[in-house]
Structure formats: structure tokens, C-alpha cells
Amino acid sequence: MQEKIYLRPLSVKDITEKYLFWVNSPSITEYLEIKGHRLKYDDLVKYVKDSPKNGRDNYAIITKNSKLHIGNGSIYAIEPDNGNFEIGWFIGEKKFWGGHYSSMIIFYLLKIGFIEMGLEKCIGGVEKKNIKARMANKFLGFKETQSGFIEKDNQKITFINLEITKKDWLNRSKILHSKFPELFNEY
């Protein structure tokens, strides 16, 4: 059975050799902005310390029973005037790839954005070829709106824009809780 997760604020104490390995592993960072950048311990300390003043809330993703730190998530690009925000996340521990782990991470990041922060719409994007992320996003209720191109690794990559409103997430969260109460809490 799949273990439930929770999010807690990321701290400098979370920067371990394991975390450093995650952010420097090409297979883990394949679809992340940091792909190809070799990061050191001091880079991560600076990132964690500077994130709040840069408008980024970072979270450690922790398994509920075994208390393992399996990845990180973020809420950023918060626009107080219109209530928009973006999320990002990764799972560093590969044994937690698959199942509903990605869906739970997205669900709980959206819960923080919509319920705790009172924001109205999450926007973002995903590479077209990142099928697993696209499926997880759709499962949570994101709508794919339009596609375009971004430059990555000196190549044009098809990028799909995403969005979900608070209203749509509230409706979807009720369905997810009714179908999978062991994984998704009520809001």
C-alpha cells in the first residue's frame, strides 16, 4: 500500500548529501530548470535562505509513517493582485516514482496555495514529452490551455501551458477524497 505524504517547510537542515545528489542527477532533474547546472552545498544553502525574500515557499516532502524526505516542492511567482501562483516539485527518491506520489504532492501544494494562502489560480507549464507529469496534472484537474516552444539545451521544446482555478480544485478535491480518502485529505 502507498504511504501518505505531508509537506513541511524546507530548511537548511534538509540539505544533505542525498539532497545534493538529487539536484545533480540528470535523471531526476531532466524536466527541471536546474538540469545541467552542477550545484554545491553552498548553492543549496543560499537557495534555501534566499527563497523567502525571493517570494518562494519551499517544502520538504515527507512520508507520513517512515518520515523519509523524498523530494521538494515550491510555491512561487505569487501575484497578490490577481491571485495567481505557480508550483514546482520533484521526487528525488526513485523508489517513490509512480503510484500517486506526484498527485499527492501537487494536491497538497495546491491546498496550501488555495486554502492557506487564499490564492485563486495556479498557472504553469509542462514539457509535452513529460507524459507522466501531464497525466498527474490532468488527474488533479489542471487544464492544458495552449502550447508553444521554449529553448532548452539548445533545442526547441514543445511546452504546454496549464491552469486550475480554486473552484475547479475544490470540486476535484472532493472527488479525490471520496475515491482515495487514504491519500487525499478533505480541504
inquiry  = Using a 4.5 Å cut-off between side-chain heavy atoms of Ile, Leu, Val, Met, Phe, Trp and Tyr, which other residues end up in the same hydrophobic cluster as I131?
reply    = M135

query = Under the 4.5 Å side-chain heavy-atom rule for ILVMFWY, direct or indirect, which residues accompany I62?
reply = Y6

request  = Quick one: list whatever passes ring pair (Phe, Tyr, Trp, His ring centres under 6.0 Å) with H69, sequence neighbours left out.
outcome  = W22

Show the atom names and distances, to 0.1 Å, of all donor-acceptor pairs under 3.5 Å that link a side chain in residues 119-130 to residues at least two apart or in another chain.
residue: E127; atom: OE2; partner: K152; partner atom: NZ; Å: 2.4
residue: N130; atom: OD1; partner: A133; partner atom: N; Å: 3.3

ask   = Any luck finding a side-chain donor-acceptor pair between N72 and Y19 under 3.5 Å?
value = yes

task = Provide the full list of side chain to side chain donor-acceptor pair (under 3.5 Å) pairs with a residue in residues 41-52, sequence neighbours left out, each pair given once.
result = K46-D50, Y47-R56, Y47-N58, D50-K53, S51-N58

ask   = So, do F85 and F114 have ring centers that fall under 6.0 Å from each other?
value = yes

ask   = Looking at the rings of H100 and F139, which for Trp means the six-membered one, are their centres under 6.0 Å apart?
value = yes

inquiry  = A side-chain contact here means heavy atoms from C-beta on lying under 4.5 Å apart; do Y101 and I61 qualify?
reply    = no

key: Flag side-chain contact, heavy atom, 4.5 Å: L176 against L140   = yes

query = Where do E3 and L68 land on the side chain to side chain contact (heavy atoms under 4.5 Å, CB included) test, with the steps shown first?
reply = CA-CA 11 Å; E3 190 173 356; L68 294 174; 5.8 Å; no

task = Tell me, please, which residues at least two apart from K143 pass side-chain hydrogen bond (donor to acceptor under 3.5 Å, both in side chains).
result = D168

